[in-house]
Amino acid sequence: SRDGCEHEAILHIGEESSEKDIELPLQDQVKKLKEEIHRLKVDNLRFHLAEAMENNGSQPHDLHENASFKEKVGLLEVQLSIYQKDFADERRDRERAVLNIEKLKDDVKILQNDLMQHKLLLEDMEPVIGIQTQICKQMLRESRETLATTKAELEAAKEEIAVKVAQVKQ
């Protein structure tokens, strides 16, 4: 009867994977298969535990066999507990990872939005920047011309002063 259950479970997995897996991304398929494997391990342990309890109740045992049976049951219970804890931990970690992924996706969308707004702002500013650059260049040219004129006038004034000083000294 156990082999029949395993065979049905394998068929069940095969049916699910052939119909639904076409639509699911690979990560989801892996997740479902891991969950199914875990479920099968837990079912297998439960089956062995039930079988052992059944055998214990139906057969007379000596003290050594009874202790061995109790040890086996204890080990199976511990294994079952470990599998259940591992499964719960993996599920919690997966859920946490999914939440982190969703948050990161939201952050990326926000950053892409900000980038687009900055690009649009820069495109809007380009004509203004171009005009300001032309104005600055014109002002620089005018300042250079004014400086050259002022320098020439200063040189002329120096010469004129030098001439007048020379005249006064004579």
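Quick note: residue numbers are just sequence positions, from 1. Quick caveat: nothing in here was measured; it's all calculated off a predicted structure.
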**Asked** Is the shortest distance from a Lys or Arg side-chain nitrogen in Asp89 or Arg92 to a carboxylate oxygen in the other one below 4.0 Å?
**Response** yes

**Asked** So, Ser81 side chain and Glu77 main chain: donor-acceptor pair closer than 3.5 Å or not?
**Response** no

**Candidates Lys137, Met139, Arg144 - the one meeting side chain to side chain contact (heavy atoms under 4.5 Å, CB included) with Arg141** = Lys137

**Check ion pair Lys164-Glu159 (N to O, under 4.0 angstrom)** = no

**Prompt:** Can you tell me if Gln138 and Glu142 form a side-chain donor-acceptor pair at under 3.5 Å?
**Reply:** yes

**Request:** Please check if Val42 and Leu76 belong to a single hydrophobic cluster, counting links between Ile, Leu, Val, Met, Phe, Trp and Tyr side chain heavy atoms closer than 4.5 Å.
**Result:** yes

**Prompt:** Would you call Gln79 and Leu75 a side-chain contact if the rule is heavy atoms closer than 4.5 Å?
**Reply:** no

**Message:** salt bridge (Lys or Arg N to Asp or Glu O under 4.0 Å), that's the test. Do Glu35 and Arg94 meet it? Break it down for me.
**Reply:** CA-CA 12 Å; Glu35 288 175 357; Arg94 263 191 320 275; 3.2 Å; yes

**Request:** Output the distance between atom CD1 (Ile129) and atom CD (Gln134), rounded to the nearest 0.5 Å.
**Result:** 12.5 Å

**Prompt:** Can you tell me how far CG of Leu154 sits from OG1 of Thr149, rounded to the nearest 0.5 angstrom?
**Reply:** 12.0 Å

**Asked** Are any of the side-chain heavy atoms of Ile135 and Gln132 separated by less than 4.5 Å?
**Response** no

**Asked** Taking C-beta and beyond as the side chain, do Asp114 and Gln117 meet within less than 4.5 Å on heavy atoms?
**Response** yes

**Asked** Are Gln167 and Val163 close enough that some pair of their side-chain heavy atoms sits under 4.5 Å apart?
**Response** yes

